[in-house]
Amino acid sequence: AHFVESGGGLVQPGGSLRLSCVASGFRWGDYAIGWFRQVPGKEREGISCMAMYDGSIYMEDSVQDRFTMSRDNAKKTVYLQMDNLKPEDTATYFCAKYGLHICAGFGMVVADYDSWGRGTQVTVSS
C-alpha cells in the first residue's frame, strides 16, 4: 500500500484546511484508513479512522467537533476537513492503513497501522 498526503500549509487561527490522502496498492474496501498527526519530540497521535467498505468513522474526542473525515471512492482518496484551527493543531499529518476492514471502536494505536505516507505539514499561526 502507498499513501500520498497533501493540502497542508500555513493558516491563521480559526481558519480551515482540507487535507487529502491518495491511496494505492491495495483493494479499497478491504481496509480502514486512519489520519494521525505528530509534533517533533512527541508521540504520533490518532485523529480519525474510516472503514472503506461502509464509510463508518471513528473520531478521537479531542477533534470530533472541529475535524471531519470523508472519502471519494472513485479517486481512492480520503480527506480530513479541519475547521476552527488552533495553534496546537500545528503538526505533520499522516495517513496510514489499518490492519482490518473496520476501525477499532476505541483509541487509535499507531502499531496497528502500516504503509505510512510522508505526511503534510500544517502550521497554525498568526
Side-chain angles (χ1 to χ4, degrees):
H2 184 62
F3 295 96
V4 179
E5 304 93 338
S6 63
L10 174 64
V11 62
Q12 292 186 344
S16 297
L17 281 174
R18 189 178 79 155
L19 306 183
S20 300
C21 169
V22 180
S24 62
F26 65 98
R27 186 173 174 178
W28 183 245
D30 284 356
Y31 296 97
I33 297 174
W35 279 103
F36 289 77
R37 64 185 179 186
Q38 188 170 24
V39 175
K42 295 189 177 181
E43 293 186 356
R44 195 162 291 190
E45 173 190 17
I47 298 171
S48 64
C49 173
M50 176 183 282
M52 294 301 106
Y53 92 103
D54 70 352
S56 59
I57 297 173
Y58 170 82
M59 295 290 292
E60 292 287 355
D61 290 343
S62 59
V63 297
Q64 65 177 0
D65 58 339
R66 300 185 294 119
F67 291 7
T68 305
M69 188 173 181
S70 62
R71 63 177 176 168
D72 184 326
N73 289 335
K75 295 181 178 179
K76 293 189 177 180
T77 300
V78 296
Y79 303 97
L80 185 67
Q81 176 68 39
M82 306 187 295
D83 298 318
N84 190 21
L85 283 161
K86 304 176 181 180
E88 52 263 41
D89 295 318
T90 295
T92 302
Y93 285 71
F94 302 87
C95 54
K97 181 173 62 69
Y98 186 55
L100 299 174
H101 68 291
I102 56 173
C103 303
F106 48 88
M108 297 170 67
V109 178
V110 172
D112 292 339
Y113 289 77
D114 60 44
S115 306
W116 296 87
R118 292 188 174 185
T120 186
Q121 177 66 37
V122 172
T123 302
V124 184
S125 175
S126 55

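Bear in mind the structure is a predicted one, so any value in this text is a computation, not a measurement.
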Non-hydrogen atoms of Phe94 and Glu5 that approach each other most closely:
CA-OE2, 3.3 Å

Does a donor on one side chain and an acceptor on the other come within less than 3.5 Å for Gln38 and Thr92?
no

Which pairs, with at least one residue in residues 43-72 and sequence neighbours excluded, count as a salt bridge (Lys or Arg N to Asp or Glu O under 4.0 Å)?
Arg37-Glu45, Arg66-Asp89

State the CD1-SG distance between Ile57 and Cys49, to the nearest 0.5 angstrom.
9.5 Å

Cluster check Phe36, Val78: I/L/V/M/F/W/Y, side chain < 4.5 angstrom:
no

Mind checking whether Ile33 and Tyr58 sit in one hydrophobic cluster, side chains of I, L, V, M, F, W, Y counted as touching below 4.5 Å?
no

Steps toward side-chain contact (heavy atoms from CB on, under 4.5 Å) verdict (Tyr31, Met52):
CA-CA 6 Å; Tyr31 296 97; Met52 294 301 106; 5.9 Å; no

Distance (rounded to the nearest 0.5 Å) between Cys95 SG and Trp35 CH2:
5.0 Å

Donor-acceptor contacts, no H, no angles, side chain residues 96-116, under 3.5 Å, sequence neighbours left out:
residue, atom, partner, partner atom, Å
Lys97, NZ, Asp114, OD1, 3.2

May I ask you to test the Met69-Tyr79 pair for a side-chain heavy-atom distance under 4.5 Å?
no

Kindly list each side-chain donor-acceptor pair under 3.5 angstrom involving residues 13-24, sequence neighbours excluded, with atom names and distances?
residue, atom, partner, partner atom, Å
Ser16, OG, Asp83, OD1, 2.8

same_hphob_cluster(Met82, Val39) at 4.5 Å side-chain heavy-atom cutoff
no

For Leu10, does its backbone N or O pair with a side-chain atom of Thr123 as donor and acceptor, under 3.5 Å?
no

Looking only at heavy atoms, what is the nearest atom pair of Phe26 and Ala1, with distance?
CD2-CB, 3.5 Å

Show your reasoning for whether side-chain contact (heavy atoms from CB on, under 4.5 Å) applies to Gln121 and Tyr93.
CA-CA 6 Å; Gln121 177 66 37; Tyr93 285 71; over 6 Å; no

Are any of the side-chain heavy atoms of Ile47 and Leu80 separated by less than 4.5 Å?
yes

